[in-house]
Protein chains: 2
Amino acid sequence: MKAYGETLRQIREQKGLTLKELADGICSISFLSKFERSDSDITLRLFTRVLDKLMMSFDEFLFVHNEFKAGQLERFFKAIGNAYNQNDSDALRKLKEQEKKKWKQSGLEMYKHHVLMLQMYESIIDNKAMVEEVHKEDIQRLADYFFNVEVWGQYEFMLYNATMLFLDADMVLQLSRTAYEKSIRYEEFQKVNEVTGTILMNTIIYLLGPVNKFTNEMKFQAELGEFFSYLNALSVPEHKLFERATLLQLKGAYKLRIGESELGTAMIQKAIHIYTELGAVGQANHIENYLEQIMAYQETDS
Amino acid sequence: MKAYGETLRQIREQKGLTLKELADGICSISFLSKFERSDSDITLRLFTRVLDKLMMSFDEFLFVHNEFKAGQLERFFKAIGNAYNQNDSDALRKLKEQEKKKWKQSGLEMYKHHVLMLQMYESIIDNKAMVEEVHKEDIQRLADYFFNVEVWGQYEFMLYNATMLFLDADMVLQLSRTAYEKSIRYEEFQKVNEVTGTILMNTIIYLLGPVNKFTNEMKFQAELGEFFSYLNALSVPEHKLFERATLLQLKGAYKLRIGESELGTAMIQKAIHIYTELGAVGQANHIENYLEQIMAYQETDS
DNA sequence: CCCTCAATTCCACTATATGAAAATTAATGA
DNA sequence: TCATTAATTTTCATATAGTGGAATTGAGGG
């Protein structure tokens with residue numbers, strides 16, 4: 001792997017800066033030269049100032065350094081998401097083995113969580129019943145982790161989003177609420193902001209329950225109201241059209257759920273219409289199927 | 001300012017890790033302890049591995065470290081944007097003085113660009129004619145910079161987006177094209193991806209020309225087609241509803257521009273309708289005004 | 001109470017980060 | 001062609017990053 005210094009040199013030369021100019025006020029010229037030739041490493045403090053001077057963020061620097069590939073966190077969850085969406089249980093198993101290995105080497109709890117998560121996705125794909133008894137305590141451990149971490153970071157948000165579907169309703173209620181509260185200080189940090197959105201959406205979907213229950217009595221009415229208001233707050237910026245469209249769609253589903261069929265259908269139709277107008281046919285079809293499923297069950301029922 | 005080590009300690013403790021666990025395989029326990037107590041700095045190489053183990057990105061770490069504030073790059077451009085949108089020429093002048101000072105201290109060209117940019121925004125707000133002669137060469141310098149930087153980073157994209165409005169049409173054509181091409185490798189890097197979107201939108205708006213010219217002959221027909229196709233390519237992911245809506249709106253404006261009034265109006269109405277349905281009244285009004293302006297001019301003309 | 005584990009401190013030692021000045025290279029121009 | 005100058009690399013001295021170990025403190029836990 002290329003050293004960081006070489007990347008820095010590339011960037012500096014791109015910008016037409018001399019060693020002297022970049023080093024000025026930060027470190028000696030000779031040292032910067034050494035670092036760029038990977039004759040020496042650099043301390044965090046100095047490097048921060050170098051990047052500041054270049055008006056560059058660490059993540060962007062690393063992105064360039066890693067040949068324009070995203071960081072490990074995103075790659076990890078994206079790999080899981082891709083494998084799951086493509087029903088590729090081989091890929092999931094592979095990922096699971098990797099994490100298991102890391103766990104055995106380090107004994108760190110986080111890798112155990114990863115193994116659990118991957119196992120669960122695997123069992124969904126393979127349509128195997130989850131070996132509940134065995135995992136029960138692992139799940140509890142995972143939930144405990146979420147309850148104990150005081151400040152959530154992007155990792156916790158993403159992990160929770162990827163596992164909430166396996167947790168009990170009362171846990172989900174508490175944790176999603178916690179997640180929303182903890183996310184507020186990340187308002188300016190786009191990535192966390194976005195995961196929070198998905199968490200809230202998934203929570204609402206979770207609380208609405210399976211489609212074939214849409215005619216029974218309602219369990220989480222108050223809580224749904226609460227989470228709708230969170231999602232509303234998150235979608236305040238007017239350019240967040242995707243969040244707003246999803247909100248519309250979910251509100252429609254909610255109306256359907258509580259029996260206001262005409263209103264609910266109308267709202268979902270609106271959402272479908274918007275997606276269609278914008279040429280997002282995949283999404284439009286997806287919602288349409290969802291709506292049809294509900295209708296089918298309700299017909300059976302009546 | 002708090003030292004990095006302290007922040008790391010907070011995070012480590014939050015995650016319930018011991019020094020031993022975090023240091024294992026990376027560095028000695030006693031050293032990590034030293035670093036966390038700011039008794040010592042840490043090298044970039046080691047710190048990268050620490051963050052990797054924590055599944056944390058540099059930017060997120062710095063975000064937490066800086067008390068949940070965005071990085072300097074974004075703060076800088078956001079400050080300018082805010083001041084401009086609020087017609088606050090005092091704030092702009094203040095920013096300008098800051099950059100001027102940096103320029104005098106370092107002699108770096110980039111600060112001169114910043115001064116130029118701020119001066120131009122200032123003159124728009126104060127409705128003063130730009131002192132063209134004086135700035136002509138500065139503008140040329142800025143354009144030269146864009147032409148010479150081989151690999152654009154987030155900074156270059158943002159700077160170009162903020163200044164293109166002051167450049168000549170032929171420069172804008174070339175540079176926007178370049179910008180799009182250079183942005184392709186940043187597909188996975190959200191922030192650059194987003195600025196690219198705005199650059200393309202602004203380019204199209206620039207090429208469409210002022211509203212009161214909407215009845216004259218068309219200059220950049222071919223180029224507009226080109227940029228529409230770029231923006232189309234960028235908006236492929238179906239969740240990019242804002243980009244898609246803007247595209248609809250701009251295509252409508254284009255139709256109006258080339259005389260297809262009914263079709264153009266219909267498209268823009270669609271966009272307005274979507275914003276309205278999604279409760280984005282600000283945006284909806286904004287587009288409505290735009291449409292009315294065009295219509296007013298066309299009526300005068302006929 | 002003892003026992004254990006996490007963290008700090010101290011020490012001795014090595015590797016290397018960092019700065020100042022000298023040497024080299026490259027480019028430019030008279 | 002030879003100065004001249006700027007940019008970079010080398011050299012070398014020193015401060016400090018980083019290791020490993022051992023002794024100490026402190027906080028539970030049984």
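First the proteins, then the strands, lettered A, B, ... as listed; each starts at 1.
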Comparing nearest nucleotides in DNA chain C, the 5'-proximal residue of the pair Cys27(A), Glu21(B) is Glu21(B)
What integer distance in Å separates [X]:[atom1] from [N]:[atom2]?
X	N	atom1	atom2	value
Leu32(B)	dT9(C)	CG	P	14 Å
Leu44(B)	dA17(D)	CG	C1'	14 Å
Leu22(B)	dA6(C)	CG	P	13 Å
Ile29(A)	dT11(D)	CD1	P	18 Å
Lys20(A)	dT25(C)	NZ	P	22 Å
Asp24(A)	dA6(D)	CG	P	15 Å

Taken in chain and number order and not counting sequence neighbours, the residues that satisfy salt bridge (charged side-chain N to carboxylate O under 4.0 Å, His left out) with Glu99(B) are Lys102(B)
Would you please say whether a donor-acceptor pair under 3.5 Å links the side chains of [X] and [Y]?
X	Y	value
Gln140(A)	Asp144(A)	yes
Ser176(A)	Tyr160(A)	yes
Tyr4(B)	Thr48(A)	yes

Between Trp152(B) and the options Phe147(B), Phe146(B), Tyr145(B), the ring-ring contact (aromatic ring centres under 6.0 Å, His included) test singles out Phe146(B)
Checking Trp103(B), Phe76(B), Phe77(B) against His114(B) for ring-ring contact (aromatic ring centres under 6.0 Å, His included), the one that qualifies is Phe76(B)
Between [X] and [Y] (salt bridge meaning N to carboxylate O under 4.0 Å), is one present in this structure?
X	Y	value
Arg12(A)	Glu21(A)	no
Glu223(A)	Arg177(A)	no
Glu188(A)	Lys69(B)	no

Kindly give the atom pairs (protein nitrogen or oxygen, nucleotide nitrogen or oxygen) under 3.5 Å for nucleotides 12-17 of chain C.
| residue | atom | partner | partner atom | Å |
| --- | --- | --- | --- | --- |
| dA17(C) | OP1 | Asp41(A) | N | 3.2 |
| dA17(C) | OP2 | Ser40(A) | OG | 2.4 |
| dA17(C) | OP2 | Asp41(A) | N | 2.5 |
| dA17(C) | O5' | Ser40(A) | OG | 3.1 |
| dA17(C) | O5' | Asp41(A) | N | 3.4 |
| dA17(C) | O5' | Asp41(A) | O | 3.0 |

Notebook entry, point to check: According to a strict under-4.0 Å criterion, is Ser33(A) in side-chain N/O contact with OP1 or OP2 of dT9(D)?
Noted result: yes
Legend entry - Short side-chain N/O contact to dT9(D) OP1/OP2 from Arg9(A), under 4.0 Å: yes
Numerically ordered, the residues 12-19 of chain B set in heavy-atom contact under 4.0 Å with DNA chain C is Arg12(B), Thr18(B), Leu19(B)
Residues in residues 104-113 of chain B with a heavy atom under 4.0 Å of DNA chain D, by number, are none
As a quick check of understanding, evaluate salt bridge (Lys or Arg N to Asp or Glu O under 4.0 Å) for Glu156(B) and Lys15(A), giving each step before the final call.
CA-CA 10 Å; Glu156(B) 280 78 17; Lys15(A) 300 219 176 194; 3.2 Å; yes
Interatomic distance, CD@Glu187(B) vs OG1@Thr196(B), rounded to 0.5 Å, equals 10.5 Å
Would you say the rings of [Y] and [X] are close, in the sense that their centroids are separated by under 6.0 Å?
X	Y	answer
Phe47(A)	Phe58(A)	yes
Tyr121(A)	Phe166(A)	yes
Phe68(A)	Phe189(B)	no

Next on the checklist: Go through it in stages, so that I can follow the logic: the residues are Lys191(A) and Glu74(A), the test is salt bridge (Lys or Arg N to Asp or Glu O under 4.0 Å), and I'd like the CA-CA distance, side-chain angles, deciding distance and then a yes or no.
Outcome noted: CA-CA 10 Å; Lys191(A) 299 201 170 164; Glu74(A) 265 129 88; 2.7 Å; yes
Here the helical stems involving DNA chain D, each at least 3 consecutive Watson-Crick or G-U pairs closer than 3.5 Å, sorted by first residue number, are C:1-30 with D:1-30
Expected string for nucleotides 22-30 of chain D under the B/S/- scheme (protein heavy atoms, under 4.0 Å, primed atoms plus P, OP1, OP2 as sugar-phosphate) is ---------
Would you check if Val50(A) and Leu22(A) make a side-chain contact, meaning some heavy-atom pair closer than 4.5 Å?
yes
